Amino acid sequence: MTISPSERDQVWDVAVIGAGPAGLAATVAAADRGARVAVIDAEPAVGGQFWRHPAPRHEPNRVRDAEIAPYHHSLARYWRLRDRLAQHVAAGRAAHLSRYEVWAVQPAEAGAAEPAPGAAEPAPGAAGSARGSAGSEGGAAGTTSSTFFDVLAIDAATPQRHESMVRARTLVLAPGAFDLQIPFPGWDLPGVLTAGGVQSLIKGHGVLAGKRVVVAGTGPFLLSVGAGLVRRGATVPAIVEAASPASWLRHPGRLFSATSKLAEGAAYANTLTRHGVSILTKWSVLRADGRGRVESVTVAPIDGTGELDPDRARRIPVDVLAVGWGFVPQLELPLALGCATRAGASGLPVTVVDADQRSTVPGVYLAGEVCGVGGAALALVEGEIAGLAAVRAVGATGPAGAARAVSRPDEPEIADMQGDLAMRRRRIRLARRRERLRTFADALAAVYQIPGSWLGALTDDTVVCRCEEVTAGAIREIARDHRAADARTVKLLARPGMGHCQGRICGYAAECVAAHELGTPAAHRPVTRPVAAPLSLGTLAAGWPAAIAPVCRHQSNV
Amino acid sequence: MARVVVVGAGMVGAACAYSLARDGHEVTVVDRGPVGGGTTSRGEGNILVSDKSAGPELALALRSVELWRRIAERLGADTLEWEPKGGLVVATTDETLGALREFATQQAAAGVSCEPVEPGDLSGYEPNLAPDLPGGVFYPGDQQVQPVRATAALLYAARIDGATVRHGVEVLGVRTRSDGQVWSVECRVDGAVVEIDADAVVNATGTWAGDVSARIGAPVPVLPRRGFILVTEPLPRVVRHKVYTADYVSNVASGAAGLETSVVVEGTRGGTVLIGASRERVGFDTTISYAVVRTMAAQAVRIFPFLDRVSLLRVYTGFRPYCPDHLPVIGADSRIGGVYHACGHEGAGIGLAPATGEMIADLVSGRSTFVPAEPFSPDRFVFEAA
Amino acid sequence: MPTFTFDGQPIPFRPGQSVGAALIAAGIYSWRVTRVDARPRGLFCGIGVCFDCLVTIDGAPNQRACRAPAADGISVTTQRGTGHDDLAV
């Protein structure tokens, strides 16, 4: 089976899913080398959660950028990537599909003008389902693989939520992560928000979630959120950190491995100190209280046995409580394609990738938090590596060397050689940098472990699954009666994770509660979710959506 | 009383354990996974008479419907999420309606209660149905359970009657005495090989029954088929009964080959609506794809237009373990004394489980069976192979 | 400043803000009543993952307030239960 020239025109070289640091870096790296790239992202503007900023408005960019500058690090890098992407879009090499929510990805085979219903499509979630005919069949000139992928996405900008399809020869998945949450009495009161939610209100909407906000949980992200709040004028009575970051001192070698990260942390700490914010370490949330809305949070120290000590608890009046316990990688899309996973540093599954950010499925590259939570700096590196690798996999199919045309337009061969050398050096640098940042991330994860104290503080009447309103007591009873400790069985018997969020929020906790009840360790196996974003049955029933074809304005310009 | 090892903690294994334990047998249920984690967790929980034509399977289904009612009375309808809601089969074309009515007439002669429904009366049954459907047939006998909860409840009851349930146990084979009778079941537990003494072994491993039967030296041909189930966002009660399209009937009538889907739409206690493929009477899916999902969505929206604006929450893959002759395998295997099979129910395992369990218990206890067991005998494959 | 209404009350917003952000800025923290225990809910994850902030916008239920862009003149109303009570039989 071969891809005909007309079909090839319908197929992008690379589809990047997610336009956060990883996706943006992958997009620009691939487009810089001449690949035709579609970057698909749910937000109005590129940047992801880290570089989240308000949707485009009429005033000049720089005004808005200046306004948000205090809340962003490495903004210079963001501007460079954003501007470079804009150039590629203008030149027709790339498309930025904003406000598109990807609900499914699937491998497809070449040869069909439209996806043929029932034509050898493996089961979603089936391991190795994308291991198809990659490289095994003679392709058209210039192609190295006849396999391609269909990305099915919902256009959230249209009220009808129309579905579209992007067909690409390689995928870079960079869907990112969301806040890991654990339940405590009162956590479903309005006014209790995730730390990420509080941050996104500031960064994305210019809204302060509350006037008096306690930030609690674990991880350096809490400092960033606390600093953002006080800079905007909120009172932060305390940052409640369950871990004891002083244990950093036991790993001095790691301290020097990522000095810029540390500088970032120091800047936050400085801000917090200046505003007189106290940081309680080895303390955690005991409960939140309020009538119809959070009014106070009670925090307590974690004692020598690892339990919260209620005798030393403090009740702090608040109007908002921000909580975060690290991050959960969004694995829906990698799992749907059959990408292998492993247990990450937090115990939650992360994907397996090789030195080129290749997943275990040919043609699928992964970057950013799905490969292990590591922050924006690591995501940038992984994204660039993935973008470069994806381009190598599809070969030079774009305009005759976009990068070359920039450097040595008169002497393309010399430019090629110089380009090869530069590329090799770049890849070596990226590999080293990734290694350093990964070591740092692993060290961070080792320090900021979620303590087990929350399980003791979790009363039977506390809701664990917010969607289906399943309590801790109901989960414990099911676990005891049917010896159900794994997430799936608990879900099937007691319904946690059956609702709108499909266990994204409660999955970790529900399994911990059941396993703890039985005295077994929680397994945290990856959970497949073949529907990665909501869509209506009417949209499905309407049949296959039209493909968004690559734009090739540059060809008509030449 | 016999020491019986039931292999498989799914719906059928649980029903076998339930009946065997009530008979006073010393029952051990083993499964390599959790309760109802395989085939059971991947179905809709259908308990149907409506889709079965006269024959041995219908006899088993009619018995099961009665037994499910008794189980619900004993264990509590809420525990099982048992709902005797009845099934409404609707036709989308006049041609299909004709085939459906004819099918129903034959079923009625075989003891199935069913009532033809005129187009004007459809909305009385289901107010949300499309107004332009030509008619249908109502089957008051159809029921529904939440399959994993029902399995867990039956196992729980079996434990109260003395049964032991062990998870994380993988069956490797059976050891026999010199006279060829089962002596013990060889298992792997936490990497170690252990033996469980047994006078009888029941293979209730659903989709994996072909593999397990081969391991114990009494192979039966059970093959997996897959299908999809779509789950909507939570809703109030929007569908009162199990509602099917009758396409499977006309498929049988026309002998049509290829992709045949015939959807079933039903509400659940949890509020979600399930859209599944009704038990296929002709070859359904060796293919699973979003194309099939789209077809199912279109069929569901055709009969329930309101679904158009309802969100899809998840899709899961169903298993339908089937035998080449599309009848379950229930009974003693003449090749090894003490080996019984209870598998191959092809998407009807939940519905047929209690009568299957009863039949196994009757056979192990040496009683005559309520429903004639002969058509389900594993020997039909043994002699075929010989 | 553009406004939308929440249960009839005018809510001003800045272009680019989500419905949820505008409600929080106006001091409103809950706009959904759960279907089992009738508990109040509002913004939680803030990034489209948790579906706690579901709200009815111009009659269409189950819109994520954190993702739905605020728009001039839209009518946002508290969502009770599944938001689909009109379909109950």
Side-chain angles (χ1 to χ4, degrees), chain A residues 103-106 108 114-126 129 150 152 160-161 163 336 467-468 470 478 481-495 497-503 527-545, chain B residues 9 33-37 40-41 146-149 151-153 155-156 159 165-168 226 228 230-234 258-259 268-273 275 285-302 304-317:
Chain A
W103 77 271
V105 284
Q106 62 173 10
E114 284 300 319
E121 290 158 19
S129 61
D150 287 340
L152 301 171
Q160 304 81 6
R161 291 177 64 84
E163 188 186 11
C467 300
E468 295 297 295
V470 181
I478 283 292
D481 284 356
H482 304 294
R483 288 169 227 167
D486 66 294
R488 186 162 180 270
T489 309
V490 170
K491 178 180 88 172
L492 290 165
L493 289 171
R495 298 195 63 77
M498 287 275 201
H500 270 283
C501 93
Q502 290 290 290
V527 179
T528 55
R529 296 185 184 97
V531 183
L535 80 164
S536 72
L537 288 165
T539 301
L540 264 182
W544 285 96
Chain B
V35 50
T40 298
S41 62
Q146 203 272 36
V148 181
R149 287 183 67 100
T151 301
L155 284 175
Y156 191 85
R159 276 160 52 201
V165 183
R166 296 176 64 179
H167 298 288
R226 294 191 285 183
F228 276 125
L230 282 57
V231 187
T232 70
E233 62 182 299
L259 177 72
T268 64
R269 285 281 179 92
T272 53
V273 166
I275 300 165
D285 62 326
T286 47
T287 303
I288 298 176
S289 73
Y290 286 105
V292 175
V293 170
R294 286 183 200 277
T295 305
M296 291 171 67
Q299 289 189 1
V301 171
R302 167 71 185 91
F304 282 112
F306 78 86
L307 289 173
D308 186 72
R309 57 195 164 102
V310 166
S311 283
L312 176 71
L313 275 201
R314 71 178 170 274
V315 175
Y316 61 93
T317 309

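These figures come from a predicted structure and were not determined experimentally. Below, chain A is the first sequence line, B the second, and so on; all start at residue 1.
At a 4.5 Å heavy-atom cutoff, Gln160(A) makes no contact with chain B through either its backbone or its side chain. For Leu155(B), no part lies under 4.5 angstrom from a heavy atom of chain A. For chain A, the nearby part of Arg159(B) is the side chain; its heavy atoms alone come within less than 4.5 Å. Looking at Thr232(B), the atoms closer than 4.5 Å to chain A (heavy atoms on both sides) all sit in the side chain, from C-beta outward.
Between atom CZ of residue Arg529(A) and atom CG of residue Leu313(B) there is a gap of 11.5 Å, rounded to the nearest 0.5 Å. In this structure, OG in Ser536(A) is found 9.5 Å from CD in Glu233(B), a value given to the nearest 0.5 Å. Atoms CZ and CD, from Arg314(B) and Gln502(A) in turn, are 4.5 Å apart once rounded to the nearest 0.5 Å. In this structure, CD on Gln146(B) lies 7.5 Å from CZ on Arg495(A), to the nearest 0.5 angstrom. The distance from atom CG of Leu492(A) to atom OG1 of Thr40(B), rounded to the nearest 0.5 Å, is 10.0 Å.
When Val231(B), Leu230(B), Ile275(B), Val310(B) are compared by the number of non-hydrogen pairs under 4.5 Å with chain A, Val310(B) comes out ahead. No other option in Thr539(A), Asp481(A), Thr489(A), Asp486(A) has as many heavy-atom pairs under 4.5 Å with chain B as Asp481(A). Among Pro234(B), Ala153(B), Pro147(B), the residue with the largest count of heavy-atom pairs under 4.5 Å with chain A is Pro234(B). With respect to chain A, the highest number of heavy-atom pairs below 4.5 Å among Gly36(B), Ser41(B), Gly37(B) belongs to Ser41(B).
Taking the side chain to side chain contact (heavy atoms under 4.5 Å, CB included) definition, one finds that Arg161(A) meets it with Glu101(A), Ile154(A), Ala156(A), Pro534(A), Arg64(C), sequence neighbours left out. With sequence neighbours excluded, the residues that form a side chain to side chain contact (heavy atoms under 4.5 Å, CB included) with Ala541(A) are Ala297(B), Ala298(B), Val301(B).
For the pair Arg488(A) (side chain) and Pro34(B) (backbone), a donor-acceptor distance under 3.5 Å is absent.
Residues Glu468(A) and Gly270(B) share a closest heavy-atom pair of OE1-O, 4.0 Å. What you find for Pro530(A) and Tyr290(B) is that their closest heavy atoms are O-OH, 3.0 Å.
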